[in-house]
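Working notes, structure below.
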Number of protein chains: 2
Amino acid sequence: MAQASIASIGDSEFDRGTALIPRGPGVYDATLSPGWTIMNVLNGGYLLALIGRALGDTLPHTDPFAVSAHYLTPSTPGPAVVRTEALRTGRTLSTGQASLFQTAEDGTEVERIRVLASYGDLDALPDDVRTAAKPPAIPPLERCVSSADGPPPPGDFAMIDRLDLRLDPATVGWAVGAPSGLGEMRGWFQFADGRDSDPLALLLVVDALPPTAFEMGLKGWTPTVELTTHIRCRPAPGPLRVALTTRNLAGGFLEEDAEIWDSADRLVAQSRQLARAPRD
Amino acid sequence: MAQASIASIGDSEFDRGTALIPRGPGVYDATLSPGWTIMNVLNGGYLLALIGRALGDTLPHTDPFAVSAHYLTPSTPGPAVVRTEALRTGRTLSTGQASLFQTAEDGTEVERIRVLASYGDLDALPDDVRTAAKPPAIPPLERCVSSADGPPPPGDFAMIDRLDLRLDPATVGWAVGAPSGLGEMRGWFQFADGRDSDPLALLLVVDALPPTAFEMGLKGWTPTVELTTHIRCRPAPGPLRVALTTRNLAGGFLEEDAEIWDSADRLVAQSRQLARAPRD
């Protein structure tokens, strides 16, 4: 994609979309941007990253390590406020809580999402790595499929324009009416404006791909009930590989696991969400 | 193990250990029992089950669906209080928050654990199951190894007496100084007094086995930073199969994934925790 310049961290669409205005200690005003919707719903990872930015400002440690979010009511584009609280501050880890609120028509604040998170300093961690996990088998970026290559998605998918997603051809059958039936989705992630990913961005990335539900032949929205993300490493510059897996669709719910791997073959983040299966 | 009778749900060691006395709306007194310690530390799953009992009482829905816990400070046997709050109540799901406190010597309350959890009604879920996951390959119960068969564990392991754990012989090398080096632990779980497992007990079971760290050759405590558990199904009566996996030990932290399978070959619960690796 030709572009005049690469957005720097701070000046990018992601940073502008997740920008906060401190109102007082532990209180941050925000504007939820319609540019981050999928099927007319604000993306859960985008909301999590915005909340994560507030927590990184409140807590003495700046990097998310473990972030647990319960989604209470759907958010809508427009004004919002994030209220944070430090629960415990330690030498290497701090834990905080955050809530995203929006104001209803009657003027009351309605809570959208509540988050518990433990933060630390990724750069202070020792370098030792003993990983049995292997990066996902995914074709090189240039052999993967951009949304620009396929049919236009149904409905409003504004967030797609913020991202440069290239999906594994083995996981795009859904886009042409031929889902594989497997609970899988894989692809390469970059921001469309060239911003590098950092730990905060990883909170978005775990929820940025189309859902595995599409490849399982399910149509419709899979609302997230709960999403927990572990950030294990600052990502190296360059495109990220994302692999989603669902193994257990049962009782009207499904889990979706995500792994993010960077250009240095490090497993930089993992997440699991519990989501409601689309209603038939 | 010969026993005169099987404890019923309500009368068992687990129920007595996690018993609560309501003090007022959303406030429950408890006594953290020394019978549920491992290496002199109260087991995280035991604490989670106790908190989960309080949330099931506070919320209109009784079964945990997704429970996210951040462990702030170590708990000690003795008096404690659980304070709960309903955040959102819906038709099929409710979400609440709970905190476990203990009183310090100076009389102040210190928060031990904070939990966010979404509850529902497992019996109201449709029966459809579309699972790609397979039960763990584990030998039959009678070929697995009880703690009574091996050398006595070092230090205080009181919780072991509450349980009838039978470990896969392939994952007990650590007990005889020959750890496999693999991040695995598998076994069969039952309560020693014969109590059947129910959804609340599953919150204990995900944290009841020896840690994978032992088989990886690491010695010492792996304190839990964060633990998220999904309960997907009411377990059928009978022994449960538990499989733990660690794939990414890096930077002084490790993740530990748990799966619990019941006698009907259903995947009844999954969890992932982020823990600190033992210090060398």
Side-chain angles (χ1 to χ4, degrees), chain A residues 65-73 87-88 90 92-93 95-97 99 110-111 114-118 120 122 124-134 182-184 216 225-228 230 232-233 245-255 257 266-267 270-274 276-277, chain B residues 65-73 87-88 90 92-93 95-97 99 110-111 114-118 120 122 124-134 182-184 216 225-228 230 232-233 245-255 257 266-267 270-274 276-277:
Chain A
F65 272 42
V67 185
S68 314
H70 285 247
Y71 292 77
L72 307 176
T73 58
L87 303 181
R88 173 187 177 265
T92 57
L93 287 181
T95 303
Q97 175 175 298
S99 296
V110 180
E111 189 166 2
R114 189 171 291 206
V115 169
L116 282 182
S118 293
L122 287 168
L125 298 182
D127 275 339
D128 60 293
V129 176
R130 185 174 154 186
T131 301
K134 296 277 182 286
L182 302 176
E184 300 179 341
M216 298 174 79
V225 175
E226 180 274 333
L227 166 61
T228 294
H230 293 173
R232 301 296 305 274
C233 180
T245 308
T246 292
R247 295 162 69 234
N248 190 28
L249 167 64
F253 287 83
L254 58 91
E255 97 293 359
D257 284 8
R266 291 287 304 270
L267 176 55
Q270 285 183 275
S271 73
R272 176 175 293 145
Q273 63 174 278
L274 184 70
R276 292 189 196 252
Chain B
F65 271 41
V67 184
S68 315
H70 285 247
Y71 292 76
L72 308 175
T73 57
L87 304 181
R88 173 187 177 266
T92 57
L93 287 180
T95 303
Q97 175 176 299
S99 295
V110 180
E111 189 166 3
R114 188 169 292 204
V115 170
L116 282 181
S118 294
L122 287 169
L125 299 182
D127 274 340
D128 61 291
V129 176
R130 185 174 154 186
T131 302
K134 296 277 182 289
L182 302 177
E184 301 181 341
M216 298 174 79
V225 174
E226 179 274 332
L227 166 62
T228 294
H230 293 173
R232 302 297 303 274
C233 180
T245 307
T246 292
R247 295 161 69 231
N248 190 28
L249 167 64
F253 287 84
L254 59 90
E255 98 291 1
D257 284 9
R266 291 287 304 270
L267 176 54
Q270 285 183 277
S271 73
R272 174 175 296 146
Q273 64 173 277
L274 184 70
R276 291 189 196 253

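Order of the sequence lines sets the chain letters (A, B, ...), proteins ahead of strands, with each chain counted from 1.
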A:E255 side, atom CD; B:Q270 side, atom CD - distance, nearest 0.5 Å: 4.5 Å
Rounded distance (nearest 0.5 Å) linking atom CG of A:L274 with atom CZ of B:R232: 5.5 Å
Residue part contacting chain A, namely of B:Q273, when any heavy atom lies under 4.5 Å: backbone
Value rounded to 0.5 Å, distance of CD in A:Q97 from CD in B:Q97: 4.0 Å
Contact winner vs chain A - B:T95, B:L72, B:L116, B:T73, heavy-atom pairs under 4.5 Å: B:L116
When B:V115, B:L182, B:T131 are compared by non-hydrogen pairs under 4.5 Å with chain A, the top option: B:T131
Winner by heavy-atom pair count (cut-off under 4.5 Å) against chain A, out of B:G90, B:A69, B:A117: B:A117
Minimum heavy-atom distance between A:G252 and B:P126, given as atom pair plus value: N-CG, 4.2 Å
Portion of B:D127 that has a non-hydrogen atom of chain A nearer than 4.5 angstrom: neither
Minimum-distance pair of heavy atoms, taken over all atoms of B:G251 and A:L125: O-CD2, 3.4 Å
Side chain to side chain contact (heavy atoms under 4.5 Å, CB included) partners of A:S99, counting only residues at least two apart: A:F101, A:E111, A:R114
Top of B:L267, B:N248, B:T245, B:V129 for chain A proximity - count of heavy-atom pairs under 4.5 angstrom: B:N248
Contacts of A:R247 that satisfy side chain to side chain donor-acceptor pair (under 3.5 Å) - sequence neighbours left out: B:E259
Interatomic spacing from CZ in A:F253 to CG in B:L93 - rounded to 0.5 Å: 4.5 Å
Atom pair NE2 (A:H230) and CG (B:L254), whose distance is rounded to the nearest 0.5 Å: 10.5 Å
Interatomic distance, A:H70 atom NE2 to B:F65 atom CZ [nearest 0.5 angstrom]: 13.0 Å
Proximal component of B:T228, with respect to chain A [non-hydrogen, under 4.5 Å]: side chain
